[in-house]
Structures are given as structure tokens and as C-alpha cells.
Amino acid sequence: MSSPLRIGLAGLGTVGVAAIRLLDRQAEVLANRTGRKIIVAGVAARDAGKERGVDLSRFKWFADPVELAKSPEIDLFVELIGGAGGAALDSVEAALRAGKSCVTANKALLAAHGMRLAGLAEQKGVALAFEASVAGGIPIVKTLREGLAGNSIERVYGILNGTCNYILSRMETEQLSFAQCLGEAQKLGYAEADPAFDIGGFDTAHKLAILTSLAFGTVIDANAIAIEGIESISLADIEAAAELGYRIKLLGVARRTPDGIEQRVHPTMVPKSSAIAQVMGVTNAVTIDADAVHELTLVGPGAGGAATASAVVADIADIARGVRSPPFGLPVAALALAEHAPMQLHRGGYYIRLSVSDRPGAAAAIATRLAERDISLESIVQRRRPGAAAEPPGAVPVVLITYATYERTIREALDAVVTDGFLAAKPQFIRIERE
Ligand code: NAP
Ligand code: HSE
């Protein structure tokens, strides 16, 4: 057996503690599979006195993760702190500069600095591995980078945030409020330290940025992603969607189009009968459309300590075996600068919910504004559902489903409807994605 692989692990929260537990539990299996013992040589977090439910007295404590990252007592640095900058960035950078391979679950860090860190790893001849950064326990990074190396990819999309899918699922099945569901997701260890990253769509965007680079061989450009979160989704939308045969999911979508690569994150109506609509709770699903495999979907736990630790430990095992792939599938210099398809050119169906003043001419005015722009309607429903959230006084809910049209066309039509003065509240619109 080769010499042991000595790990320095920074961040002892949900994922860090779960990783230590998994390394303990699978120590013998991992040694057999990799031909080396994997030992934790040092750990770092903020509070040395915190009770964490695992015995840390056997590890050397480092008050500063950067010192741990540079320590000659470790061979591999595992960053499980979180955040795009600060201690996470400083320690990963220090480890790579010191010629040590790194494993991280930190998508915010990779979306912001992934190219530079991958370049540094390449220069130093070490690994930068981040399986846990996208879709928790689903091995999507390895699937895209290695498993599908012989494919040309057209689209990668899916449910990439466990917290949001958990919230939307619980709101629908248990009729709970948004705040209650978010509180549960936080208690279960799914949410980011600042849950605004989850519900605002930013966490999904960070993951989509990584998937886009892996799928299309492009330089990460997180700023090119159109982002909308789930904050505006109400029980009224979830109920209306259900009535019309849809379910609402927060999707991240990256797609080749004639105008460039479209990258978008937003609440999406998916047909209830579709495979992605069946994905409930903290589960994530990623679908890849590629020329040789056609369609491939991976489904599994998207967040939580144990599932995420599974991906962290898989990266550690690879490094123990001496596996080192280019982090984003190609040498950094070979990654292309992508053309970005603007969101205004996105084409698809739309769900529109309007709170319409109950006055003569309102429906005709709305129909005119849509017809002027050649927007055809698949369905229109105007009625109060029993028990539905109250509309503003003197208003009735109108729900429309359009056939495919352009984003800019729908926005122009809604601006005109607002200007006409028949609405009692801001219009809600949600894009529809059909498989
Ligand atoms: P967490 O529970 O908030 O834990 C963060 C840990 O980092 C804590 O132990 C904290 O120390 C430590 N820390 C924070 N700032 C530090 C600093 N300046 N110096 C040293 N240590 C510091 O977070 P988590 O949920 O485990 O997530 C960790 C990473 O995994 C994040 O990048 C997250 O996005 C990613 N991730 C999480 C999940 C999930 O389901 N939770 C899934 C996939 C990926 P103290 O405990 O002493 O405060
Ligand atoms: N907060 C993230 C989520 C953790 O809910 O999906 C997994 O990346």
C-alpha cells in the first residue's frame, strides 16, 4: 500500500462534519479502493469550542484555514467553508500555490474564480476537484467531463437547488407558507448560510455556470446568466399551475441557440406529466441533451450533509488514486469565450396571472394587447377559485397560457396592459418549459 493521503479539512459545518463521518465509516473500503489510507491530519473552523457531534480531539486544530492549506503536514486541502471570497478563496489559493490538490463543494467560489483557480492548479500540476459543488450527491461533474466526453451537448438543464425544490414541493403538497418551508429547509441543513442565495436563484446560477463550462467547453461567465428566484411565487400560482396541469420548479437551463449560449435561471412551469415534475423535495435532477446519448437524466439528493459528503469523498478517492483531470474538461487556455444569447430572444410559452379590475372593456383591452403582438393563447381562465388567496378589492384573477412567443414580445405586451390601467396588481408571468 502507498503512503497515506493526509487531508486538511476546513469548514466543520453540515458538509464538513458529514465528510469526516463518511471517511471514518468507509475508511477500510476507501483504503482498499484507492490503495492508500486516507487520514484527516488537520481541521479548521471558526469556533474551536463548538460541539459538532464528532470527535475532533484526534485532529490537529488550525485557527486559520490558510495555515492549514499551506501546512507541510497535509497533501490535500478540502475546503468546506463556503462563500465566493474570504477564507474560502484565500485558503484554496494558498493550497494550490503550495502545490497541494484541492477539493471543494463551493459553487460560489468556482463561479467567481473557477477559471483562475483551474489555471493555477494546471500550472502547479495538481487537482482541483468540485463534484459536490453541483447537485449534491449526483455525480454530474464527472458525467459531463468524463462520461460524455465523446458527445456534443445541446442543452443541460434541471433542478439544481434542493432548498427551492423542497420549498415549492412542500408549499404544494402541504399548503404551507413560503417562510415555514424555508425554515424547515434550513433546519435540515439544505440552505446556504445566507438563504437569499438559494431563493434568489443565485445558487442555481453558480451551479449552472459550472455546468455550462463543462458542457460547452467555455469560459465561466456567471454574469451572462439571467436570474430570477422563487420569492414571487405564491400559493395562488402553485394552485393555478396545478389546475392547468403544470407544476412550478426553479430550473437552471443552458442551451446552444443560433444566437449563442442561452443561460437562465427562473421559476418554470413544467407539465405535470413530465419526468422533471415528479422530482420533489430536496431531490435534484439534471438532464443533458447530447448527440450520441440523446437524453440522459440523473436524479438524486441535491443537498444535505451525507449526500454532499458522498461527492466530496469521491473526489478525495480520485486524488488518492492519482486521477487528475482538467477541472473544466479542457486546459483553461482551450476553453472558448462563448457568445451569449440575450434573454429577450428567449422563445417559449408563458403563464400569465393578472389581477384585473372588474370593469367593462378590461378583457377586450388585454386581448387586444396580446393580439397586436401575435401572441396566441392556449388557454384563458377567469374565475375565483374557492379558498384562493383574495384579489385586491374589485379585481378578478385572470390566468392565461400562451403558445410560444419571444420574451421581449411578452414583456412589451404586459407593459402595454399595465399602461392601459385595467390591472389592480403587478402582473405575474412564469416561463413554460416543455421537454
Ligand atoms: P455551514 O454548515 O455553514 O458550515 C460552514 C463551516 O465553515 C463552519 O464550520 C464554519 O465554522 C466554517 N467557517 C466559516 N467561516 C470561516 C472562516 N473564516 N474560517 C474558518 N472556518 C470558517 O456550511 P455547509 O452547509 O457545510 O456548506 C459548506 C460548503 O458546501 C458551502 O460552499 C456550500 O455551498 C457547499 N454545499 C453545501 C451543501 C449543503 O447541503 N449544505 C451541499 C452542497 C454544497 P464554525 O462552525 O466554527 O462557525
Ligand atoms: N443550498 C444548496 C441547495 C446546497 O439547497 O441546493 C446544495 O448545493
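Whatever order the structure lists them in is the order used to number ligands and atoms, beginning at 1. Along the sequence shown, the residues carry numbers beginning at 1.
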Is the shortest distance from a Lys or Arg side-chain nitrogen in K107 or D203 to a carboxylate oxygen in the other one below 4.0 Å?
yes

Considering only NZ, NE, NH1 and NH2 on the basic side and carboxylate oxygens on the acidic side, decide whether R52 and D47 come within less than 4.0 Å.
no

Heavy-atom proximity to [atom], best of [options]:
| atom | options | answer |
| --- | --- | --- |
| atom 5 (O) of ligand 2 | T163, D203, V134 | T163 |
| atom 3 (C) of ligand 2 | N161, L160, L188 | N161 |
| atom 46 (O) of ligand 1 | E131, R52, K207 | R52 |
| atom 19 (N) of ligand 1 | A63, P65, A10 | P65 |

Polar-atom distance check: S133 versus ligand 2, any N or O pair below 3.5 Å?
no

Ligand 2 to G162 polar contact by distance, N or O atoms, under 3.5 Å:
yes

Between [Y] and [X], is there a side-chain donor-acceptor contact under 3.5 Å, judged purely by atom types and distance?
| X | Y | result |
| --- | --- | --- |
| Y166 | E184 | yes |
| S325 | E146 | yes |
| Q263 | T212 | yes |
| H266 | T268 | yes |
| D289 | H294 | no |

Within the 4.0 Å heavy-atom shell around D198, which atoms of ligand 2 are there?
1 (N), 2 (C), 3 (C), 5 (O)

For ligand 2, which atoms, with element, lie under 4.0 Å from some heavy atom of Y190?
1 (N), 2 (C), 3 (C), 4 (C), 5 (O)

Check this for me - ligand 1, G189, N or O atoms closer than 3.5 angstrom, yes or no?
yes

Identify, for [atom], the protein heavy atom at the shortest distance, and state residue, atom and that distance.
| atom | answer |
| --- | --- |
| atom 33 (C) of ligand 1 | E192 OE1, 3.6 Å |
| atom 27 (O) of ligand 1 | V15 CG2, 3.9 Å |
| atom 11 (O) of ligand 1 | R46 N, 3.3 Å |
| atom 2 (O) of ligand 1 | T14 N, 3.0 Å |
| atom 42 (C) of ligand 1 | T308 OG1, 3.1 Å |

Under 4.0 Å from ligand 1, counting heavy atoms only, is it the side chain of A88, its backbone, both or neither?
neither

Under a 4.0 Å heavy-atom limit, does A87 contact ligand 1 with its side chain, its backbone, both, or neither?
side chain

Check whether any protein heavy atom sits under 4.0 Å from atom 23 (O) of ligand 1.
no

Has G136 got any heavy atom lying under 4.0 angstrom from an atom of ligand 2?
no

The single option from F429, Y403, Y246 passing ring-ring contact (aromatic ring centres under 6.0 Å, His included) against Y350:
F429

